[in-house]
Amino acid sequence: MSGYNPHAIEKKWQARWLAEKTFASTRESAKPKYYALDMFPYPSGEGLHVGHPEGYTASDIVARYKRACGYAVMHPMGWDAFGLPAEQYALKTNTHPQVITQKNIERFRAQLQAIGFSYDWDRQVNTTDPDYYRWTQWIFLQLFDTWFDETQNRGRPIAELISEFAAGKRALPAGQSWDKLTATEQRQVLSDYRLAYLAEVPVNWCPGLGTVLANEEVIDGKSEVGGFLVERRPMRQWMLRITAYAQRLLDGLADLEWPESLKLMQRNWIGRSEGAEVEFLLENGHGRLTVFTTRPDTLFGATYMVIAPEHPLISNAQGNHQLPAQWPAATPEAWRYNSASPAAAVAAYQKWAAGRSDRQRQEDTGKTGVFTGLYAINPVQGARIPIFASDYVLMGYGSGAIMAVPAHDERDFEFAGVFGLPITRVVSADAGIGDAGRLPLCDPGYAVNSGLLDGMPTAEAKARMINYLEEKSLGRRRVQYKLRDWLFSRQRYWGEPFPLVHLEDGTTVALADDQLPVRLPPLDDFKPTGTMEPPLSKAQGWRDVAVLLDGSAAGRARIVPAGTHGAKVARRELNTMPQWAGSCWYYLRYMDPRNSQEFCSMAEQRYWLGGGAGGGGVDLYIGGVEHAVLHLLYSRFWHKVLFDRGLVACAEPFAKLVNQGLILGEAEFTAFAAADGRYVSTGDIEPDWGTQIGPDGRPQHTSRIRSSGELVVGRALEAKDVEKRGEAFVLKSDPNIQVDARSFKMSKSRGNVVNPDDVIADYGADSLRLFEMFMGPLEQVKPWSTAGVEGVYRFLQRLWRNLLGSDDNPGPRVAAADAAGWKRIDGTLLSAQEQQQAAEDAAAAIRHTHRLVRKVTGDIERLSFNTAISAMMEFNNTLAKLRWVSADAAAALVRVLEPFAPHIAEELYSQLWPQSQAASVSLVPWPRWDEALCVDAELEVPVQISGKLSGRVKVPAQADEDAVFAAALADEGVQAKLAGRPVKKKIYVKGRMVNLVV
RNA sequence: GCCGGAGUGGCGGAACUGGCAGACGCGCUGGACUCAAAAUCCAGUUCUCGCAAGAGAGUGUGGGUUCGACUCCCUCCUCCGGCACCA
């Protein structure tokens, strides 16, 4: 029997699974379903790294296990292939992104197949395929065609809004009559209701690169690539009204089986806060300023107001004239921003603030601002209070204006300090004492100096104030969310085109469904234009079109040849969708990937998602925590819109979600040496390290000696050069020198990336899979270890020898009994002596076999794969000590191994049972265990005396409490330790332990 | 700063519901096989004392609850992650 050769068997089985479609997901109404989903990868040019197979192996184990348990399993894979890296690589190499994407997909697929995942490859999706993005566009049009009805708290078709307008059931914003409006005016009205709308928003515009950048691409006000200055500039962008769904997205989290920490991240991101909207009249009588506050109880302490620099009161043409021409009398110099008039001061400040990046705002928290020259009136106590502009107030939150209560808000307190503004205490820490304690006091307390609120605890004062404001029509209760609407357009080439056209009247019309997909036009030059125009503006033949509108009030357009009777001139939308679009709904397409009539049929959804009262959704979704708030929030949002429109079967897409932990590089030991070569203890250097390129061209750590500032450089050490001394590792050669020991995130620049292809080449896919799972709990961050891979590889070799024999001991060691007696699995009858041995060995293995099945089953159910693997190792070690392995034990082991290491399991199964009916061990049902066969006939029970271990006694498994106590007291060792002391209390935990309290 | 999570041998980790701490694997030590090495197999491996039998200590720190605490409660320390002028 030849030894374990992973390469030969893995290729063979992978080819068979593919050819025989072993893992096809088929809807079988007689079977329960299970949907095990992976976050599909972006097929980068780098190929797979060891982080990918971690989650993928985990879900694969569950998928294989569930199939064995009789479920119809959906376990698909696909490609999130639109995006910037492909486009940039395409620019660099002058290749079309389509070509690069295709190549990367092929590479990724080959790599995934080499790991032996049980995907149904016939369901593969690719977000860049027109047959796929056709439906991405279609779903976008559903959003475009939906408005959010606040009273019903759900999205409804635009057509229903139109009928409400037409029937007069809903008033138009400006009080007009719907029928009197022109078609253009009607479209303008509707655009304010749609979930997809155009708005002027500030973006990160980089003139140096000629493109808009994402926030993550801007560092210290400069572009990450090239270091060009980035400015905030308003641009008309597509937005999705996710804020309408804020409460639904928040409420929906409650029932999801997701990590609590991740739910919390989403809750924080949505950022619900309760409070009040309060209106302040301007002193000049020209209107009012509305603010949101969570502390309406402190309204009596509002001594000034602050508005964002972009606030309409001071930024738009209508508002500007409100600014007084001169500084009001007695305006302090410090309020004037070195300017001659309020208008000049405000303009100068606005300019300065616009040049500050978000990062700069965060870093310099010192308060800046300028007096606008305007005053407002505090609505409850009538004080005349100045209005400032400052960038500590953000235009994007609330109304972009605040009432400042310096006594009870740290930011307001600091600002008041800078500008010498009055600070009035309106909350006291104690009920009895008036003005005690330091300011600012931000915690709840008791209202003081607040008229009708005096003496009330903060919570009660809030409620009372809101009621008062509502009675007097000065304000109202209000819930505010941090969540912003989703900026949905990009000035990029490699993304989904929008299925929209702009008419000459400035309105936007959706294309009819039969016009989809709107294909990305082939472009030789897809470079950014250098202006604010998207690259698609260069596709002139594509950009300018003639359209016919259908008769519907909402208006849908069809592209027709220019000059067609009744056609209007139009221009296509030239932006593309962001990378998140395709991933928002891919889990739906898998269920019905080739459907050309629908994005996904309801029949497929009802089966695979379930739904109804029981929740429904994907049963298990595994992926990285980096998608906690973006992808996972965006897809929940789309799903809810589709749900409202009756297009999906359940309210939430992902019922259970697990984040796999990051895999770090192999542990590294680093000692720091000064220029003269002497080592310096890590305790003596600055904890923040830098990097430089070393003489060998590899990066190395640098730091400085804390006392002298002298430069020190890190040197990599071998584990054998260091030892543990107390809490720290030190050099063996000089124990006074502490060294650094830790694992780093894998990165190309650091050179510690582990490539799965290499691991497979050295040890095989089964060892890769096994080690990825054996490292530790799935959710945990853990370092890679090549020695650890060798460990699991050795386990597989031992297992192989254990069942199929070795050179020393050739022939299978598996034996089965029939009427003729014990035979080797290959049919050879054993000698009388061997028969007896085989029977004894089989009996010895029964209990272990049943325990193994119980343990592995339970561990898979709770996703504790590392402990399942150690149970299999233990079992294998047990079998290794026996001369013969019973066929029952071997079959159970091979079966439970299959989800983890499917190739070797298939091979062992086919070699041991070549006559088997099942073409694949994966088709053999999951084994059952008998609880009665898991227990020993005799237990060894530890005996404690007053909680301290003092001996062990053997008792029959069924022994009752009294019998166990008797046995414990009879034990000589226990007797000796009791030394005649009377036992006050006896405790027996069944099968676990005895405690005798003296 | 605020909010989470985690601290167990030389290392990754186990202990699922408060009940024998350290399973399993790596590493290391010794032995067998070998002319030798690799591979493999066997034994040992938390720390301290002891030739040994054994004794004592021990799950980041200090305290508490309990017959009994890695597990529950409080204090502090360290590390990791998220958010960060959100009114």
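We use all heavy atoms of the structure for the numbers below, so side chains are in, but hydrogens, waters and symmetry mates are not.
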(request) Could you please name the option among B:rC16, B:rC85, B:rG19 that lies closest to any side-chain atom of A:Tyr392? (result) B:rC85
(request) Tell me whether the OP1 or OP2 atom of B:rG19 has a side-chain N or O from A:Gln944 closer than 4.0 Å. (result) no
(request) Looking at every strand, decide which applies to A:Lys745 at a 4.0 Å heavy-atom threshold: base, sugar-phosphate, or nothing. (result) nothing
(request) Identify whether the glycosidic angle of B:rG25 places it syn (within 90° of 0) or anti. (result) anti
(request) Nearest whole angstrom, please: distance from the C1' of B:rC80 to the CD of A:Glu779. (result) 16 Å
(message) I need the CE-C1' distance between A:Met775 and B:rG12, as an integer number of Å.
(response) 9 Å
(message) Could you tell me if the side chain of A:Ile270 sits less than 4.5 Å from the side chain of A:Val629, heavy atoms only?
(response) no
(request) For B:rC26, give its Watson-Crick or G-U wobble partner with both distances under 3.5 Å, or none. (result) B:rG10
(request) Quick one: look up who B:rU46 pairs with, Watson-Crick or G-U, both distances under 3.5 Å, and put none if it's unpaired. (result) B:rA57
(message) Roughly how many Å apart are B:rU8 and B:rA14, using the C1' atom of each and rounding to a whole number?
(response) 10 Å
(message) Heavy atoms from C-beta onward define the side chain here; which of B:rA87, B:rC67, B:rA23 lies closest to that of A:Asp409?
(response) B:rA87
(message) Work out how far the P atom of B:rA21 is from that of B:rC70, and round it to whole angstrom.
(response) 8 Å
(message) Any heavy-atom pair between the side chains of A:Val730 and A:Glu723 that's under 4.5 Å?
(response) yes
(message) OP1 or OP2 of B:rG12 versus the side-chain N and O atoms of A:Asn866: is any pair under 4.0 Å?
(response) no
(request) Return the value, rounded to whole Å, for the distance between atom CG of A:Leu949 and atom P of B:rG68. (result) 15 Å
(request) Could you check how far CD of A:Glu772 sits from P of B:rG25, rounded to whole Å? (result) 20 Å
(message) Quick check: any donor-acceptor pair below 3.5 Å linking the side-chain of A:Lys367 to the base of B:rC85?
(response) yes
(message) Over all strands shown, is A:Thr293 touching base, sugar-phosphate only, or nothing at heavy-atom distances under 4.0 angstrom?
(response) sugar-phosphate
(request) Report the residue (A:Asn995 or A:Phe774) whose heavy-atom-nearest nucleotide on RNA chain B is the more 5′ of the two. (result) A:Phe774
(request) Compare the minimum distances between each of B:rG13, B:rA87, B:rC20 and the side chain of A:Pro777, then state the nucleotide with the smallest one. (result) B:rG13
(message) I want to check something: taking the side chain as every heavy atom from C-beta on, are A:Leu879 and A:Leu893 in contact at a cut-off of under 4.5 Å?
(response) yes
(message) Tell me whether A:Lys482 forms a cation-pi arrangement with A:Tyr397, defined as NZ or CZ under 6.0 Å from the six-membered ring centre and within 45 degrees of its axis.
(response) no
(request) Return the nearest nucleotide to the side chain of A:Trp269; candidates are B:rC83, B:rC24, B:rA14. (result) B:rC83
(request) Tell me whether the OP1 or OP2 atom of B:rC26 has a side-chain N or O from A:Arg794 closer than 4.0 Å. (result) yes
(request) Could you tell me whether A:Val625 contacts a base, only the sugar-phosphate backbone, or nothing, with contacts defined as non-hydrogen atoms closer than 4.0 Å? (result) nothing
(request) Answer yes or no: does a side-chain N or O of A:Ser273 lie under 4.0 Å from OP1 or OP2 of B:rA87? (result) yes
(request) Could you tell me which nucleotide pairs with B:rC67 by Watson-Crick or G-U wobble geometry, both distances under 3.5 Å, or answer none if nothing does? (result) B:rG19
(request) Measure the distance from CD on A:Glu790 to C1' on B:rG12 and round it to the nearest whole Å. (result) 15 Å
(message) I'd like to know if the side chain of A:Glu666 pairs up with that of A:Ser743 as donor and acceptor (distance under 3.5 Å, no hydrogens or angles considered).
(response) no
(request) Determine the interatomic distance between P on B:rG58 and the same-named atom on B:rC24; round to the nearest Å. (result) 25 Å
(request) Considering just the side-chain nitrogens and oxygens of A:Arg267, establish if one lies under 4.0 Å of OP1 or OP2 belonging to B:rG82. (result) no
(request) Quote, to the nearest angstrom, the P distance that separates B:rG4 from B:rC74. (result) 13 Å
(message) Among B:rG19, B:rA87, B:rC24, which nucleotide has an atom closest to any side-chain atom of A:Met873?
(response) B:rC24
(message) Could you check whether A:Tyr793 and A:Asp766, counting side-chain N and O atoms only, form a donor-acceptor pair closer than 3.5 Å?
(response) no
(message) Checking base pairs now: Watson-Crick or wobble, both atom distances under 3.5 Å. What partners B:rA32?
(response) B:rU40
(message) Pairing donors with acceptors under 3.5 angstrom, does anything connect the side chains of A:Ser870 and A:Thr867?
(response) no
(request) Sticking with atom P, work out how far B:rU48 lies from B:rC11, rounded to a whole angstrom. (result) 14 Å
(request) Whole angstrom is fine here: how far is it from CZ in A:Phe795 over to C1' in B:rC26? (result) 15 Å
(request) Between B:rU29 and B:rU46, how far apart are the P atoms? Round to whole Å, please. (result) 16 Å
(message) Check the phosphate of B:rC11 against A:Lys782, side-chain N and O only, distance under 4.0 Å to OP1 or OP2. Yes or no?
(response) no
(request) Specify the closest pair of heavy atoms between A:Val278 and A:Leu469, including all atoms of both residues, with the distance to one decimal. (result) CG2-CD1, 3.8 Å
(request) Starting from P on B:rU40, measure out to CD on A:Gln797 and report it in whole angstrom. (result) 6 Å
(request) Consider the side chain of A:Met993, meaning its heavy atoms from C-beta on, and name the nucleotide among B:rG19, B:rC67, B:rA15 that approaches it most closely. (result) B:rG19
(request) Kindly point out which of B:rC26, B:rC41, B:rC85 is positioned nearest to the side chain of A:Ala787? (result) B:rC26
(message) Suppose you measure atom P in B:rC2 against the same atom in B:rG9; what distance do you get, rounded to whole Å?
(response) 30 Å
(message) Between B:rG50 and B:rA15, how many Å separate the two P atoms, rounded to a whole number?
(response) 36 Å
(message) I want to verify a distance call: between B:rG82, B:rA23, B:rA87, whose nearest atom is closest to the A:Phe292 side chain?
(response) B:rA87
(request) With RNA chain B as reference, determine whether A:Lys985 or A:Pro942 sits nearer its 5' end, using the nearest nucleotide of each. (result) A:Pro942
(message) At 4.0 Å (heavy atoms only), tell me whether A:Asn877 reaches a base, stays on the sugar-phosphate, or touches nothing.
(response) sugar-phosphate
(request) Would you kindly give the CG-to-C1' distance between A:Leu630 and B:rG82, to the nearest whole Å? (result) 13 Å
(message) So that I know where these two stand, are A:Phe415 and A:Phe388 an aromatic pair - ring centroids less than 6.0 Å apart?
(response) yes
(message) Does either side chain, that of A:Gln350 or that of A:Trp352, offer a donor lying less than 3.5 Å from an acceptor on the other one?
(response) no
(message) Side chain of A:Ile987, heavy atoms from C-beta onward: which of B:rA87, B:rC24, B:rG19 has the nearest atom to it?
(response) B:rG19
(message) Both distances below 3.5 Å, Watson-Crick or wobble geometry, any strand: find the nucleotide opposite B:rG81.
(response) B:rC3
(message) Which nucleotide wins on minimum distance to the side chain of A:Leu264, given the candidates B:rC67, B:rC20, B:rC3?
(response) B:rC3
(message) So, OP1 or OP2 of B:rC79: does either fall under 4.0 Å of a side-chain N or O from A:Arg742?
(response) no
(message) For a quick check of understanding: with a heavy-atom distance under 4.0 Å over all strands, which category does A:Lys724 fall into, base, sugar-phosphate or nothing?
(response) sugar-phosphate
